[in-house]
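The residues of the chain are indexed from 1 along the displayed sequence. Worth knowing before you read on, the calculation uses all heavy atoms, side chains too, and leaves out hydrogens, waters and symmetry mates. Remember, it's a predicted structure, so these values are computed and weren't measured experimentally.
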Amino acid sequence: MVRTKPITLETFHAQVAAAAQTSSINQQIAEYVSEHYREASFMTASELAHAIGVSQASITRFSVAMGFSGFTDFVRTLQGLVREEWHTPERAVYVHSEWAGQKDLLVEQEIQNLEGLPDLMADSHVEAMAKAIASAKRVILAGARASSTIIPYAAYFLSKVKDGVEMATPNTPVWETFGLDPDPDSLVVAWVFPRYPLSLVTWLERLRRQNIQVAAFTDRWVSPAVHLADPVVVVPVASASLFDSYAAPFVLINYIIRQVAALTPGLQQRLEALEARDQANHAFWNRPNSK
């Protein structure tokens, strides 16, 4: 997959300005979007049309004039550019407005994210991530705030295929002490998703200065993680709800663990030993034999 040049707020505003030149109605829409782009990121097409005083069809045509496939593509891009500025109370619009209608934008976003995974899985960055994890003797899975909720899932399954898997979140012993005695065979794998916790970014910056190997999952190529890690895997998260949704990252993690397993010698024996231990410890419920 080719890494495309990331869109920034500057290029977005340039697209708005270019679309404004195509008609008087588009100029009217462009003036509103330029001044209220943050508010527009929360609006549906009908809400934006009502705020400006134009038709919903005009909003769609404006989106296409900007180079997007339609309003959904337009607002999704805008949300990606400004969502680190969002405050949680502002996201309550997804509960009370048309966002929560029959055609839920959160579900649409997650479907689109999942449909994009086959192309992402073919990306060389994903292969590099799997190889880096497989070859490291010690793997530190790191994150903060919402991003840290992914770590127990990843650690549970990754530890079944390899040793040396640990977790680091703020105020844990590993977080506080890692890097005091740098180990060249260690790898930090960080999840850096919006709103990009400062504690995590600062921690990764310190590791970077110590030349500790860091890999990262993040949501876009303009994320702060891009300059702090290598390899970096960009996987989208859905934002059209009170809180970000991580369906695509969870599926991708499971896929990468499978790739790590394929690169791990003695996997079959390890899995058999784990199963034997679980059976001996009666780890799982079994249906009683019926007489």
Subject >> Phe157-Leu252 co-clustered via ILVMFWY side chain contacts under 4.5 Å >> reply: yes

**OP:** For Ile150 and Phe193, run side-chain contact (heavy atoms from CB on, under 4.5 Å): C-alpha distance rounded to whole Å, both residues' side-chain angles, the deciding distance at 0.1 Å, then the answer.
**Re:** CA-CA 11 Å; Ile150 301 173; Phe193 291 130; 3.6 Å; yes

Subject >> Test item: Lys162 side-chain N/O and Ala136 main-chain N/O as donor-acceptor pair under 3.5 Å >> reply: yes

Original post:
Going hydrophobic residue to hydrophobic residue with side-chain gaps under 4.5 angstrom, can you get from Leu263 over to Leu141?
Top reply: no

Original post:
Can you name the side chain to side chain donor-acceptor pair (under 3.5 Å) partners of Gln56, sequence neighbours left out?
Top reply: none

**OP:** Scan residues 7-29 for pairs that pass ring pair (Phe, Tyr, Trp, His ring centres under 6.0 Å), counting only residues two or more places apart or in two chains.
**Re:** Phe12-Phe74, His13-Tyr37

**OP:** Only counting residues at least two apart or in another chain, list the ones meeting side chain to side chain donor-acceptor pair (under 3.5 Å) with Arg138.
**Re:** Glu166

**OP:** Quick one: list whatever passes side chain to side chain donor-acceptor pair (under 3.5 Å) with Glu272, sequence neighbours left out.
**Re:** Gln268

Original post:
Quick one: side-chain hydrogen bond (donor to acceptor under 3.5 Å, both in side chains) pairs with a partner in residues 206-215, sequence neighbours left out?
Top reply: Arg206-Gln210

**OP:** For Arg277, enumerate each residue passing the side chain to side chain contact (heavy atoms under 4.5 Å, CB included) test, keeping only those at least two apart in sequence or located in another chain.
**Re:** Asn281

Subject >> Chi angles and distances behind the side-chain contact (heavy atoms from CB on, under 4.5 Å) call for Glu176, Asn171 >> reply: CA-CA 6 Å; Glu176 298 294 339; Asn171 302 317; 3.8 Å; yes

**OP:** Classify the side-chain pair Ser63/Thr60 by whether it contains a donor and acceptor separated by less than 3.5 Å.
**Re:** no

Original post:
Can you list the residues that meet the side chain to side chain donor-acceptor pair (under 3.5 Å) rule with Lys131, with sequence neighbours excluded?
Top reply: Glu127

Subject >> Flag for Glu110-Ser245: side-chain donor and acceptor within less than 3.5 Å >> reply: yes

Original post:
Please walk me through it: do Val232 and Trp221 pass side-chain contact (heavy atoms from CB on, under 4.5 Å)?
Top reply: CA-CA 9 Å; Val232 174; Trp221 288 112; 4.1 Å; yes

**OP:** Taking side chain to side chain contact (heavy atoms under 4.5 Å, CB included) as the test, write out the residues that go with Pro236, two or more places apart.
**Re:** Arg76, Asn113

Subject >> ring pair (Phe, Tyr, Trp, His ring centres under 6.0 Å) partners for His36, two or more places apart >> reply: Tyr32

Original post:
Less than 4.5 Å apart, any side-chain heavy atom of Val222 and any of Val226?
Top reply: no

**OP:** Without swapping roles, check the side chain of Ser34 against the backbone of Ala30 for a donor-acceptor pair under 3.5 Å.
**Re:** yes

Original post:
By side chain to side chain contact (heavy atoms under 4.5 Å, CB included), which residues pair with Ala17, not counting sequence neighbours?
Top reply: none

Original post:
Yes or no on side-chain contact (heavy atoms from CB on, under 4.5 Å) for Arg258 and Val161, after CA distance, side-chain angles and deciding distance?
Top reply: CA-CA 9 Å; Arg258 194 177 74 190; Val161 302; over 6 Å; no

**OP:** Return the set of residues passing ring pair (Phe, Tyr, Trp, His ring centres under 6.0 Å) with Phe250 (not counting sequence neighbours), or none when no residue passes.
**Re:** Tyr153

**OP:** Check whether more than 12 heavy atoms from other residues, nucleotides or ligands sit under 6.0 Å from atom CZ of Arg145, and answer yes or no.
**Re:** no

Subject >> Within one Ile-Leu-Val-Met-Phe-Trp-Tyr cluster: Leu271 and Val165, side-chain cutoff 4.5 Å >> reply: yes

Original post:
Just by distance, do the side chain of Thr22 and the backbone of Ala19 share a donor-acceptor pair under 3.5 Å?
Top reply: yes

**OP:** Using side chain to side chain contact (heavy atoms under 4.5 Å, CB included) as the criterion, list what pairs up with Lys137, not counting sequence neighbours.
**Re:** Asp185

Subject >> Single-linkage hydrophobic cluster Tyr156~Val260, side-chain heavy atoms < 4.5 angstrom >> reply: yes

